Amino acid sequence: MGSLTDRYVSATVRELAQDQRDDVDRELRGTIEDMVEARLDTDAATDREEAERAVLVELGDPVRLAAGYTGRPLHLIGPAVYPEWRRLVTLLVTVISPIAAVGTLVVRLFVDDVATDGVGPAFGSAALAGLTTAFHVVFWTTLVFAILERAQPGAGVMGWTPDQLPDAPSSRRSVGRSEAVFSVVALVVMALAVGWQETSSPVRVRGEAVPVLDPALWSGWLPLFLVLLAAHAALVLVALRARRWTWTTVGVGVALDLAVAALLVGLAQTDRLYDPAFVAALVDGGWATAGRDLRVATVLGVVAVTVWDQVETARRMRSR
Amino acid sequence: MVCDTHYRVGMTSPDDPTLAGHLQELRRGTVVVAALASLRTAGYGYALLETLGRAGFEVDANTLYPLLRRLEKQGLLTAEWNTEESRPRKFYRTSPSGEDVLAALRADWRALDAAITDLA
C-alpha cells in the first residue's frame, strides 16, 4: 500500500470518533484499492502510482470526506445562525468602534502636547483604536457563534420574532443607531471637556493654565452635572434597546434636559459658573465686558439648545 | 451524461448551468432510494458505486461511502465484513426497516409523479 493512501486514510480517520476509526480505516483502504484496480483494468491509468493519485483526487479533501462520516458542519457559521451573527456584528461594530475611536481621540488630545506633536498622532491612534476594536468585535463574536454552531447544529441562538424588525425610516419615533451613537459620543465629549478645561485650559496666565469653570464647583455642582450627563447617556441606550422612544423615556429625557439647563443657567446668572481668574484674564486681554458677555451667551445658548431639543422631541412624538 | 433524452426539451441543454443546478436539487434524495433498492442484494461500497453509475445515478464516491455509514447507523442497512476474498470488504444489505423506508420513499416518488402529471 503506497504511502499516499496511508497518509490519506490517517488524515481522514483522525477526524472521526475513536470507535469508528479502525472500521473506516479498513473499509476506506479496501475501497481505494478497488478504485485503483478499476482504473488499471480500464486502462485509465498506466501504473499503480498514477492510478492511486487519481483515486485520491476523486475522493477529495479528507476533511470533507470525514465530515461526511461525522456529519460535522463544513462551515464556520451556518444558515441557522448567520442572520443573528450578521445583525450582532453590524450592531457592535457600528456602536463600539466609533466610541473607541472618539474616546481615544479625546484622551490623546487631552494627554498629548498638541503644541509640539500636532494633532496627527492623536488622529492616527484614534483610527487604529477604531480598527482594532472592530477586529476584536468581529473575531470574538464569530468565535462564539462558531462554537454555538457546533454545540447545537441547525438551531438558532435567539430566534427571530417580528418585534426585532427595524422601524421603517419614515417613523421618527424610532431610535436610529447612528443617532444614538452620536448622542452618546456627544455626551462623552462634553464630560471629557469638563475635565479637560480644568487641567489643560487654552487660557494661560504666565504659562499656567487657568480653568474655565470655577474650581469651587467641583465640591458639588460639577459632579451633579456629570451625573446628569451619565443619566442622559444611559437613557439613550435604554431607548436604543427598546428601539423607540416611549412617553416614559421622553419624559425622563425632558426632565434631564431641564435639570441640566436649570443648573447651568442658575450658575451663570449668579456668576458662579466661570472661574473669576479666567474672566479676569479675558478682561486683561482687552475684552472689557467678558463677564457679562459670557453670562448672556451661556444663558441664551443653554436656552436655545434646550428649546430646540424639546421641539425635536415633540415633532418625533407627534408623527408616529 | 445520463438519460440524454430528458434534456432535449425546448432550449435547455445539459450544459445549461441553471438546468444543471435544478437537476442536482431534484436528484439529491434519489441516491438513498437507489442505494436501498440496490442493496436488497448485498454489496460493498465500490461495487454499489459502479452499479449506481451504470443505472444513471451520478453519485460521487466521497458522498456514497459516508452515506452508507449513515444509513447503517440509522438501521436501514446492515453491514458485515466479508473476509473470504483476497481483500476484506464491508458488505451492506437493506434491513427490514430499510425495506419499509424504501417502500415509503417509492410510494412518495409515485405520488409526486402522479401529482406533477395532474398539474401538467
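Order of the sequence lines sets the chain letters (A, B, ...), proteins ahead of strands, with each chain counted from 1. Computed from a predicted structure; not experimentally measured.
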If you count heavy-atom pairs under 4.5 Å with chain A, which of B:E50, B:R69, B:R89 comes out on top? B:R69
Do any of residues 56-68 of chain A come closer than 4.5 Å to chain B, heavy atom to heavy atom, and if so which ones, in number order? A:E58, A:L59, A:G60, A:L65, A:G68
Would you indicate whether B:E80, at its atom CD, is surrounded by more than 12 heavy atoms from other residues, nucleotides or ligands within a distance under 6.0 Å? no
Other residues, nucleotides, ligands: >12 heavy atoms within 6.0 Å of A:E49 CD: no
Please say whether more than 12 non-hydrogen atoms of neighbouring residues, nucleotides or ligands are located less than 6.0 Å from CZ in B:R106. no
CD-OH distance between A:E37 and B:Y46, expressed to the nearest 0.5 angstrom: 10.5 Å
Does A:R241 CZ have over 12 foreign heavy atoms under 6.0 Å away? no
Step by step, would you call A:T31 with B:Y44 a side-chain contact (heavy atoms from CB on, under 4.5 Å)? CA-CA 9 Å; A:T31 303; B:Y44 58 95; over 6 Å; no
Straight-line distance of A:T12 OG1 to B:Y65 OH, nearest 0.5 Å: 12.5 Å
Where on A:V24 is there a heavy atom nearer than 4.5 Å to chain B: the side chain, the backbone, both, or neither? both
Please say whether more than 12 non-hydrogen atoms of neighbouring residues, nucleotides or ligands are located less than 6.0 Å from CZ in B:R87. yes
Could you tell me whether the side chain of A:R26 reaches within less than 4.5 Å of the side chain of B:W81, counting heavy atoms only? yes
